[in-house]
Amino acid sequence: MPLRVYNTLTGSKEEFVPINPGKVGMYVCGVTVYDHCHIGHARANVVFDMIYRHLRSKGLEVTYVRNYTDIDDKIINRANRDGVPYNEISERFIKEFDNDMARLMLQLPTFQPKATEHIPEIIALVQTLIDKGFAYQSGSDVFYRVDRFEGYLKLSKRNLEDMQAGARIDVDERKEHPMDFALWKGAKPGEPHWESPWGQGRPGWHIECSAMSTKFLGETLDIHGGGKDLIFPHHENEIAQSEAASGKPFVKYWLHNGFVNINSEKMSKSLGNFFTIKEILESYDAEVLRFFLLSAHYRSPIDFSDQNLKEAELGLERIYKALAGIDERLASGANTPADADNAEFVEKVAGFAGRFGDAMDDDFNTALALGHLFDLVRVINRELPTASTGLLEQAKAEVAKMAAVLGICDSVPAAFLQRMKDRKTSDMEMSAEEIEALIAERAEARKAKNFKRGDEIRDLLLEKNIVLLDSAQGTTWKVK
RNA sequence: GGCGGCAUGGCCAAGUGGUAAGGCAAAGGACUGCAAAUCCUUCACUCAUCGGUUCAAAUCCGAUUGCCGCCUCCA
């Protein structure tokens, strides 16, 4: 099945055909490094990591570029507030970003360029736009002449008149048109700056992506991605800059991920209702967060809540329990002949990769793909006691291969389950020693057939949210 | 005001013309001394509402209602 993707530019799902067969150039807008990353950044980056993985799993050679915007008004403001050089802020938050992404198990992009390391390319691009009449100098600033570019607003599907009608844009005397945007900003005294034909200054917000994407991927990219909120003005302006300069289409497929909502409201810095990745990871395992973010289609809004995270945790545990079950069964050495294997199980295992791949090929439908995975998990659990080890090994391998496309289930199952237990144990009212003592007492009571005392202990622990698990090997416990 | 998106069972969530995936929760059963886990069964004659197109619509078209987003920095 061919891959189909929803293209924001055309507003429809299209078959994905790379410009150069077998190769994909993908550019994703990274972050402006002036603060900790929030869960919205987590979603965008996990989504495009999943897309990156899926493209590669299809045998495509992907060049993935994700930039750092490391010079910007917000960085300068923060530096002024903290009384430190601007690059101390940017370098610090680049490290923080890298760390957050590593915890979320993201694969590294092929290139992670920084705006400040591409000033010559940016200046050259601005000069080209001036030379071609798409930009003009005004004082020490350079602006893009939006009404000169025919395709302006084709991505966000608006028109200039409507934009101005409802605009809350301050009239800027230096601009020819209120919608013109800055390509280069003259430096005020004390601000970081670079030499340019227009005096000392720094790049505007959008120009670095045009310059860096062209440098690493050429004038036309296969995929350009980012959050929906970047459609306007950021991506619109990138199109204006790049296409005016090159005279060629900038991007073949525009992909945008939906927002993370808090209580059905958009989470954003300006609203102040945001959670940083680090905050979330204090309460939830990184893999659970990743699983949660992939449990909805990437273009839909996803509602972040304690309940939804808990459900994601239960879901991921369910998958891991099945995998742990296979491990235990294989370790036990027991086997049955393969010809006795349940036909449905055989089919579920054999057809899994195909179903999973089809779901992913349909505009990266991770929710459907996970549905297929749960389908398989149920049959694994059912057939676990009697299936042949060969089939179980095959099931395990298939799950591992597909889960890797989502970037989940990378842990040893037993280790993951232990990790979840430890996390829950850490905020328990009772110590493990106390629990063990009670379990020992209960074992004595049960040996003496004193089930009344045994049940008392079970209930006592249950009140503390501790559930006892009896098995032939003895009694273990878990946090409810 | 302009533009765009969404409305599926108690909750989360797939499904874009062929007769409603999956997860969580819940109920019953198997298993267990009792539990837990797991398995089996049940759980939307119906997809915001009203019209229309079609042999056939959650899926297409129109209208209505509600929610959300963008138009200003934002993943």
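A note on names: the letters A, B, ... follow the listed sequences, proteins ahead of strands, and every chain is numbered from 1.
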Compute the ring centroids of A:His224 and A:Tyr27, then answer whether they are less than 6.0 Å apart.
-> yes

Can you find a donor-acceptor N/O pair under 3.5 angstrom joining the side chain of A:Arg458 to the base of B:rA35?
-> yes

If you draw the axis of the six-membered ring of A:Phe232, does the NZ or CZ of A:Arg158 fall within 45° of it and under 6.0 Å from the ring centre?
-> yes

Atom CG of A:Asn237 to atom P of B:rC71: distance rounded to whole Å?
-> 12 Å

To the nearest Å, give me how far apart CG (A:Asn261) and C1' (B:rC6) are.
-> 11 Å

A:His235 has an atom NE2; how far is it from atom P of B:rG4, in whole Å?
-> 21 Å

Take the protein atom CG of A:Asn257 and the nucleotide atom P of B:rG5, then report the distance between them rounded to whole Å.
-> 18 Å

Rounded to the Å, how far apart are A:Ile262 CD1 and B:rA75 P?
-> 15 Å

Donor/acceptor link under 3.5 angstrom from A:Arg158 side chain onto base of B:rC71 = no

Within the modelled atom types, does a donor on one side and an acceptor on the other bring the side chain of A:Asp470 and the base of B:rC34 under 3.5 Å apart?
-> yes

Indicate, with a heavy-atom threshold strictly under 4.0 Å, whether A:Gly227 touches base, sugar-phosphate, or nothing.
-> sugar-phosphate

Quick one, give me the B/S/- string for nucleotides 15-28 of chain B, reading 5' to 3', where B means a protein heavy atom under 4.0 Å from the base and S means that only happens at the primed atoms, P, OP1 or OP2.
-> S-----BSBB----

d(CD, A:Glu317; P, B:rA36) in whole Å | 16 Å

Base, sugar-phosphate, or nothing: which does A:Leu469 touch, judged by heavy atoms less than 4.0 Å apart?
-> base

Quick one: A:Leu294 CG to B:rA13 P, roughly how many Å, whole number?
-> 14 Å

Between A:Asp72 and A:Tyr86, does any side-chain donor sit less than 3.5 Å from a side-chain acceptor?
-> no

Does A:Tyr6 have A:Lys13 sitting over its ring (NZ/CZ under 6.0 Å from centre, angle to axis within 45°)?
-> no

